[in-house]
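Encoded as structure tokens, the structure appears first; notes follow it.
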Amino acid sequence: MRVRFAPSPTGYLHVGGARTALFNWLFARHHGGAFVLRVEDTDVARNRPEYVNAIYEGLRWLGLEWDEGPDRGGPYAPYLQSLRAQRHREVAQALHERGAAYECFCSQRPADDNEDEDEAQQLPAVAPARAEGPKQAAGAPRTVCECRTLDAGRLAALREERAPALRLRVPPGRDFVVDDLVRGRVTFPGVMVEDFVLVTGDGRALYNLAAAVDDHDMAISHVIRGEEHLANTPKQQLIYEAMGWQPPHFAHLPIILNQQRRKLSKRDGATSLNEYAAMGYVPDAVVNFLALLGWSPGDNREILSRDDLIRLFDLGGVVKHPAIFDTAKLNWMNREYIKARPAAELARRMRELLAQRPADGETAGPARDDAYIEKVAELFHDRVRTVVEVFELGSYFFTDEPVVPAPEALAKYCAGREAVERLREVRSALAGTAAFDAATVEKVIRDLAAERGCKASDYIHPLRVAVTGQAVSPGIFQVLAILGKERVLRRIDALVHLLDARPAARTTVP
RNA sequence: GCCCCCAUCGUCUAGUGGCCUAGGAUACCGCCCUUUCAAGGCGGGGACAGGGAUUCGAAUUCCCUUGGGGGUACCA
């Protein structure tokens with residue numbers, strides 16, 4: 001079995017494309033078939049060569065290695081569609097010769113006067129491309145221009161005037177059915193598929209021709225792609241039929257939608273894979289999550305390794321309805337993967353992200369130290385959803401400066417006058433200890449509380465505000481130990497100073 | 001407009017005529033634990049879009065309505 005992922009390099013690999021690639025990969029690995037990467041770069045207007053690399057990077061990040069592709073060759077090379085143009089023209093010519101296609105001299109139909117589409121340049125008309133006039137009663141949107149039946153004399157005359165496009169002669173009077181592996185039999189009324197263009201006036205093979213030819217030539221057995229291609233399928237089947245080729249099986253995957261139930265677009269926050277990488281999602285989690293978006297193993301399992309997925313995957317488990325991309329669940333899953341792996345791995349990912357950040361004050365000092373990163377990772381590895389969350393929740397670990405206390409934290413734990421007292425007491429207790437490991441500082445603080453006859457938390461809360469600037473943090477004793485005596489003392493001093501300077505109005509708290 | 005597809009908790013889904021007073025996960029809420037926040041444990045609310053039809057019996061079959069999505073290019 002041979003499947004392919006055929007992106008066009010018009011942008012970064014987005015989650016929809018990634019999901020399509022993943023399902024193809026899973027299918028290939030499950031059946032021991034080949035997963036081929038074919039880059040469909042035939043639309044010169046929108047292509048960007050640099051995006052080919054972006055696609056490679058996205059697939060590699062996910063760990064979806066391809067067996068054949070532009071960069072690694074294979075028995076059916078080349079895998080860059082633009083390099084196969086000659087072959088596309090050959091097939092077009094064969095189609096023409098056997099009467100399955102005809103030359104069309106019509107002007108380009110004006111692109112729908114819909115808003116965003118870039119208006120196609122309109123050439124002077126030879127014949128009306130679309131039959132105008134009142135809507136035909138029985139609903140017959142199919143357009144047949146007179147080029148379909150030009151006689152030899154007229155044909156020759158027209159050829160002198162301009163280069164024709166080549167249209168497929170769609171057989172009239174029959175409906176077209178697609179036996180789709182995920183949605184069953186789909187029937188398109190014959191009147192709806194019109195004589196579509198195979199090759200443009202300037203000799204470029206268009207998508208339906210190129211895709212059909214390449215899929216056939218590359219011996220693709222299963223075409224697994226997004227639902228947006230469903231309506232193209234009858235056209236491609238017609239090409240196979242006209243050429244006498246055996247068509248592949250087709251499977252159309254449901255679209256991934258955003259929270260507003262629309263097709264994912266740039267405005268929906270992160271849509272391309274590299275953004276997820278940058279935010280500290282782990283590839284295995286993204287793969288797991290994407291696999292469950294539109295597919296289910298049929299039981300209640302949620303956490304599935306790559307091997308599980310390969311073993312369990314089949315097209316029968318693919319659902320028909322579109323799925324909404326839910327970041328909350330991805331976050332949960334990512335946390336599961338972070339927790340399931342040792343803290344050292346989180347530390348490694350932190351270092352990777354740190355390396356990509358500018359070396360400003362935020363990441364100065366001890367943040368460079370591997371052992372230090374590891375300790376911080378230890379503290380956060382079962383409380384963060386993403387790697388960057390460590391830097392956000394634990395920002396106080398990545399600066400040598402005193403922290404700026406959050407107003408809420410101040411209001412919650414430092415409102416009363418006694419907070420200052422407590423800070424002074426705990427400061428001097430802490431200053432008096434030489435060892436500064438978690439166990440020691442815990443004993444110091446608990447002893448202090450016992451001695452003063454109050455709760456340890458009475459000291460802990462203001463202390464947390466002093467060293468982290470926040471009302472919440474991981475266990476305070478470990479935080480203190482990692483920060484180190486010097487920074488801790490300095491931060492206590494800074495907060496005491498700040499509290500002292502504040503207006504004396506609110507000295508009591510109810 | 002026309003064509004096609006789809007329709008179970010907010011979200012991802014299980015469910016292929018009786019096992020369903022509809023299961024799981026996530027999100028949310030509560031309790032326990034606790035130095036805070038998480039994690040963890042326990043518990044809670046929450047769905048078969050609507051209407052017909054078939055059937056002894058429908059989330060499951062058929063039809064209509066509604067809603068959502070996709071397509072409608074000399075783009076892919």
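Here is how names work: the chains are called A, B, and so on, in the same order as the sequence lines, proteins then strands, and each is numbered from 1.
Ring centroids of Phe325(A) and His14(A) are separated by 6.0 Å or more, keeping the two rings apart.
Atom P of nucleotide U35(B) and atom CZ of Arg464(A) are separated by 10 Å, given to the nearest angstrom. In this structure, Leu230(A) atom CG and G71(B) atom P are separated by 11 Å, rounded to whole Å. Rounding to whole angstrom units, CZ of residue Arg225(A) and P of C5(B) are separated by 16 Å. For the pair Phe196(A) CZ and U72(B) P, the interatomic distance rounds to 13 Å; values are reported in whole Å. As rounded to whole Å, 9 Å separates atom P of A27(B) from atom CG of Asn331(A).
Nearest to the side chain of Trp332(A), among U36(B), C5(B), U26(B), sits U26(B). Nearest nucleotide to the Arg262(A) side chain, out of C74(B), U36(B), G69(B): G69(B). For Ser457(A), counting side-chain heavy atoms from C-beta on, the closest listed nucleotide (A76(B), U35(B), C37(B)) is U35(B). With A76(B), C37(B), C3(B) as the candidates, the nucleotide lying closest to the side chain of His229(A) is A76(B). The nucleotide whose nearest atom lies closest to any side-chain atom of Pro189(A) is, among C4(B), U35(B), C75(B), C4(B). The nucleotide whose nearest atom lies closest to any side-chain atom of Leu206(A) is, among A73(B), A39(B), A76(B), A76(B).
Listed pair Arg385(A) / A38(B) fails the phosphate criterion, with no side-chain N or O lying under 4.0 Å from OP1 or OP2. Side-chain nitrogen and oxygen atoms of Thr42(A) include at least one within less than 4.0 Å of the OP1 or OP2 phosphate oxygen of A76(B).
Using a 4.0 Å heavy-atom distance criterion, Thr187(A) is classed as a sugar-phosphate-only contact.
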Q: Report, as a single string ordered 5' to 3', how protein heavy atoms within less than 4.0 Å touch nucleotides 6-17 of chain B: B base, S sugar-phosphate only, - not at all.
A: SS--BSBSS---
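Nearest-nucleotide mapping onto RNA chain B: of Glu40(A) and Ile460(A), the residue sitting toward the 5' end is Ile460(A). Of the residues near RNA chain B, Arg185(A) and Ile255(A), the one whose nearest nucleotide (by heavy atom distance) lies more toward the 5' end is Arg185(A).
Contact of the Cys104(A) side chain with the Arg167(A) side chain is registered, since non-hydrogen atoms from C-beta on lie closer than 4.5 Å.
In this model, a donor atom of one side chain and an acceptor atom of the other lie less than 3.5 Å apart for Asn208(A) and Gln236(A).
Applying the side chain to side chain donor-acceptor pair (under 3.5 Å) rule to pairs touching residues 469-478 of chain A yields Arg464(A)-Ser473(A), sequence neighbours excluded. Residue pairs meeting the salt bridge (Lys or Arg N to Asp or Glu O under 4.0 Å) criterion with at least one member in residues 447-460 of chain A, sequence neighbours excluded: Glu425(A)-Arg452(A), Lys443(A)-Asp447(A).
Between Arg185(A) and Asp180(A), none of the side-chain N atoms (NZ, or NE/NH1/NH2) sits under 4.0 Å from a carboxylate O, so this pair counts as no salt bridge.
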Q: Applying salt bridge (Lys or Arg N to Asp or Glu O under 4.0 Å), run through Arg311(A) and Asp308(A) and close with a yes or a no.
A: CA-CA 5 Å; Arg311(A) 187 160 36 79; Asp308(A) 292 335; 2.7 Å; yes
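The base of A38(B) does not come close enough to the side chain of Asp382(A) for any donor and acceptor atom to sit less than 3.5 Å apart.
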